[in-house]
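Only this structure's heavy atoms are used, side chains among them; waters, hydrogens and symmetry mates stay out. Numbered from 1 within each chain, the chains take letters A, B, ... in sequence-line order. On a predicted model such as this, the values are computed, not experimentally measured, just so you know.
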Amino acid sequence: MEQPNDPQQQPQPELAKGYEHREVEARWYKRWKERGYFHGDEHDRSRPAFSIVLPPPNVTGSLHLGHALTATLQDILIRWKRLSGFNTMWLPGTDHAGIATQMVVEKELKRTEKKSRHDLGREEFLKRVWAWKEQYGSRIGQQHEALGACLDWERERFTMDEGLSRAVREVFVRLHEEGLIYREKKLINWCTDCRTALSDLEVEHEEGHAGELWSFAYPLVTPIGGLTEIVVATTRPETMLGDTAIAVHPDDARYTALVGRKVRHPLTGREIPVVADAILVDAAFGTGAVKVTPAHDFNDFEVGRRHGLEFLTVIGFDGKMTAAAGPVAGLDRFEARAEVKRLLAEQGLERGSKPNPMALGRCQRSQTILEPLLSDQWYVKIAPLAQPAIEAVEQGRTRFVPEQWTNTYMAWMRNIHDWCISRQLWWGHQIPAWYCPDGHVTVARETPGACSTCGTATLRQDEDVLDTWFSSGLWPFSTMGWPDRTETLRTFYPTSVMETGHDIIFFWVARMMMMGIHFMGEVPFKTVYLHPMVRDSKGQKMSKTKGNVIDPLLVTEKHGADALRFTLAALTAQGRDIKLADERIEGYRAFANKLWNASRFALMNLEGHLDAGGDPRLAARTPADLWILARLQRAVNETVEALEAFRFNDAANTVYHFVWHELCDWYIELSKEALYGDDAGKKAAAQAVLVHCLKSSYLLLHPFMPFITEELWGVLRARVGAAAWPDSIMEGRYPAVGPVDEAAEQAFTPILGIIDALRNIRGEMGIAFKVALGQATPVHVAVADPATHALLLAGESRRVARLTNVENLQLHLAVATPRVPQSAVGVGNGFEVRVPLAGVIDVGAETARIDKELARVDADLEGIEKKLSNPNFVARAPAEVVEKDRARAEELRSTRQKLTNHRAVMQGSDQPQEEQTMETNNPNANQAPTPSQPVGERVEQAAAAVVEAARDAVHAVQAQASELERKAGPAIAQARKDVKQAVAKARKGVKSAVAKARKAVKKATRKGGTKVAKKGAARKAVKKVAKKAATRAKAVKKAVKKVVRKAKKK
RNA sequence: GGGCGGAUAGCUCAGGGGUAGAGCGGCGCCUUUACAAGGCGCGGGUCGCAGGUUCGAAACCUGCUCCGCCCACCA
């Protein structure tokens, strides 16, 4: 199978019996790539461009299902657009992921060589990271290939490429020149574990941490007016070593006299001023006095600036207390906390404590509790960049899908703080700033020869690197060759869609917006589609620590890339996370198989067919052909509409439904009449329609399932003659949206209804027409509409017969079928079917079936009549709604009448009703031996068990409910909850007991090899009791509700 | 503290002012010559709770409960 697209070498068109994804998927990717299908042509502006930049995965490791989702959705868009005539370009790459990668390599280094990065030194360590990057970067590529992602590999980039590094330096220098990058000493979030500063975004807030609000007293240096101390409360006692003020509210009468006075630090003896600050202090909280630690708390830092306080650092970058911490110097910050409390208690200054749930800031990477520390860092002044990014969205130049994310984006953008971009790491873009011995800073694109201020030649480059997101923020244009003005940029910037997870909307999307607008003068993408998060089948977030991370490669191997892709797409609804379950993938693998076999069917029935490339509708003759073509058009329209709105699930489901349930379940079965028949014209038409539907299905499905569709395309193309088909499906054209032939759809609907009605009787009666009736007994079909009657006469009745296995079908142009005693009747809109079943059917069973149907009709009718008898409805509802309901009521009444008549005929029959005709006449029953005694006993036993279990469940509900009724008075809320739970539990209990017993009954019955009446009896008993249980549970619940409501009113 | 989602069949979810749906699972029948990874049929629902708007609410509004997520410097 080297050249399946070459008709010369094409082997037998017969396909393997089942679809083998491994064999097929392995074959195509390389060929696509070689033929250059993935490459976007920057010189081609004759076609509209459609471009996406792939969110670059971290080089830290391999792809997970989130990446698979990203790749799948983007590939769907790209392939769809390519088939729709766009010049598509999808740019791949990877991110160096500063902290993450450095940590992984450090860990590895420690594990294998027991060395730290400092043991190796910067240069050697970076070599190791590069080696790591080479290894994992290529694995990521393989994973994308396995998924079938048609990435433009010629344009692959890495955030630390030479080109991208140049862009980074360019951006840094320009922003610095514009005064939008500055260096300053202020409080930052410091991770004592990663030993670096972090941006606000890298802080994870842990809610509800069990903290303690601990109070102690600061003694006044000079007691005043009977006051000897000020009591303050803190969640971090160890920071009191760095206190340089006590703050009170200026309007707080209790402390007015103290403002300007001093307290003595109990552990260091320092004198500390009391200041008045209206911003920091809430007089009503605690004692109304706050200790101020400007060097270790963000609020206090501001107070320190406002009041010109001393900034005393008592915690170091290693998380240990500094020398300034006096008695606790050298201790870890948490040890120091205990020690400080002990020391203060010793001095009798402890003033109590209380539990205080609080939010803790942790490092996104290491989960270490962060420490606000004072240090020199580089910042991006963000407000001037944020404003245009806000306006771009306000003006709709970039829109978010789903829309709700607009608010999230806006809220964040409007409250944005300056961005700390320096990191104390080695892996990353080193900051292009140099210092001379005098401390002057030179910022330059290339290593400068001398200090720009004083001319000194001895320069030392800043050792820090930039935040990873600084370089990824440039991704949409840095990857296209910026700062050069390339053709690629001209053709493909702005990109069409940014497709990524909503978890990085701030980290990445917002920054790309700011940078793109600032440096390109244009938004980086027109649409931001934010996909849901992928979770495991239990809804848990996938994480390495939980061990529930799934490697997409394993899934691809097991079920096929097409199945995985389709599953992901089918589950991608807007606004809800994806819970991935294996069974679901299994189901879509079956779908691939279905498509395969439909194609196999076609291949087996294309004898004499030549696709001249003409419109199959011209050749189509039968109503079934026209019907499926109309359905196809409808599916095409819906699919395209869904894709345009990024409703991936709707698009996938539409195609799925069309292919499986319309093309396969209906049309293929219908077409057999023509394909197997003698009418050459009809046969040719059916062949053409079948080929057209399959070809269209391949194209519709190709974005979702690229491999199997390409394979089948090639096979079918070879079979029908290659003239009208491009060599590869990737060169095909996506089916075009167009008007649906509704007349064709409607004309055929009665035929489908007749088949349904007959199948319904067949199923309900548990008989096979062919066997039960044979040639002798006619099945009657009456249609009132002459057009439909003509259709049936013209040959459609043979399709009906084929699909229902009826041998003798008798047509009547009439409202009703002839009244045949002991027959089953089915009625629908404009038709009636009647199956004579004398000697076959159990009259009771048919009566029961009719009753069931009557009940359904009655219920519908009752509802609708009630509505129509309401004068308000008739007066105020739109006329068309009323009219529709009237018509439906009429239809229901007619159906009802027919069924009632039929029932009367049934009942009035003088045939003996209890005659066991089924036993004697049913062919299955012929082989059935009379049940032996033991089997019958077992069945009975099983049935009894069911009844008992169900009864028990009912009793349990009742007992619980009465207990709850008593409780309802005093504890309404709880009682209600309990009732709900009890009822639910009981119902479940009944259900499972019944299910279990049913199985037992079934097993026992099967062993006897018979279908004795006892089985039916047992089952009836089960149903009865189960129903009773449910009913009683409901009744009880209602009663309780009433009680509760009454109690509530009081 | 602020914000955003979600609650619909046993499970996973779609829908959305006018007849409550799909897939999976369950039950029954069918080894029919594309496919048993299949076909046909059946059963299964106080659409979270309470109010309101409306001729009509599962849908819209208000409040509540529970479950997720995001943002936030209150000692």
TODO: Would you tell me if any nitrogen or oxygen in the side chain of N760(A) comes within less than 4.0 Å of OP1 or OP2 on C42(B)?
DONE: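 Looking at the OP1 and OP2 atoms of C42(B), one of them is under 4.0 Å from a side-chain N or O of N760(A).
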TODO: Ignoring backbone atoms, test whether R414(A) places a side-chain nitrogen or oxygen under 4.0 Å from the OP1 or OP2 oxygen of G3(B).
DONE: no
Open item on the list: Students often mix this up, so state it plainly: with edges at 30° and 60°, are the rings of F591(A) and W660(A) parallel, tilted or perpendicular?
Closed with: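 Answer is parallel, since the angle falls under 30°.
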TODO: Return the orientation label for the Y588(A) and Y656(A) ring planes: parallel under 30°, perpendicular over 60°, tilted otherwise.
DONE: perpendicular
Calculate the interatomic distance between [X] atom [atom1] and [N] atom [atom2]; express it in whole Å.
| X | N | atom1 | atom2 | value |
| --- | --- | --- | --- | --- |
| E638(A) | G15(B) | CD | C1' | 13 Å |
| H249(A) | A75(B) | NE2 | P | 17 Å |
| F591(A) | C35(B) | CZ | P | 18 Å |
| R584(A) | U12(B) | CZ | P | 12 Å |
| D665(A) | A36(B) | CG | C1' | 14 Å |

Open item on the list: Taking the nucleotide of RNA chain B with the nearest heavy atom to each, does H661(A) or E764(A) sit closer to the 5' end?
Closed with: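 It is H661(A), whose closest nucleotide lies nearer the 5' terminus.
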Just to be sure I understand the rule, does [X] reach a base, reach only the sugar-phosphate, or reach nothing, if contact means heavy atoms closer than 4.0 Å?
| X | answer |
| --- | --- |
| L280(A) | base |
| I668(A) | base |
| V281(A) | base |
| Y19(A) | base |
| T408(A) | nothing |
| W214(A) | nothing |
| E302(A) | nothing |
| D756(A) | sugar-phosphate |
| N593(A) | base |
| R647(A) | nothing |
| D282(A) | base |

Task: Flag for Y218(A)-D243(A): side-chain donor and acceptor within less than 3.5 Å - done: yes
Task: Stretch residues 875-887 of chain A: residues that reach within less than 4.0 Å of RNA chain B through a heavy atom - done: R876(A), A877(A), P878(A), V881(A)
Open item on the list: Does R802(A) qualify as a cation-pi partner of W666(A), given the criterion of NZ or CZ under 6.0 Å from the six-membered ring centre and within 45 degrees of its axis?
Closed with: no
- [ ] Give a yes or no on whether a salt bridge exists between D860(A) and R888(A), defined as a side-chain N under 4.0 angstrom from a carboxylate O.
- [x] yes
TODO: Give the stems involving RNA chain B, where a stem is 3 or more consecutive Watson-Crick or G-U wobble pairs (i with j, i+1 with j-1, and so on) under 3.5 Å.
DONE: B:1-7 with B:65-71, B:10-13 with B:21-24, B:26-30 with B:38-42, B:48-52 with B:60-64
Task: Side-chain touch S697(A)/F658(A), heavy atoms, less than 4.5 angstrom - done: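 Sidechains of F658(A) and S697(A): in contact.
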TODO: Please state the P separation for the pair C27(B) and G44(B) - nearest whole angstrom.
DONE: 16 Å
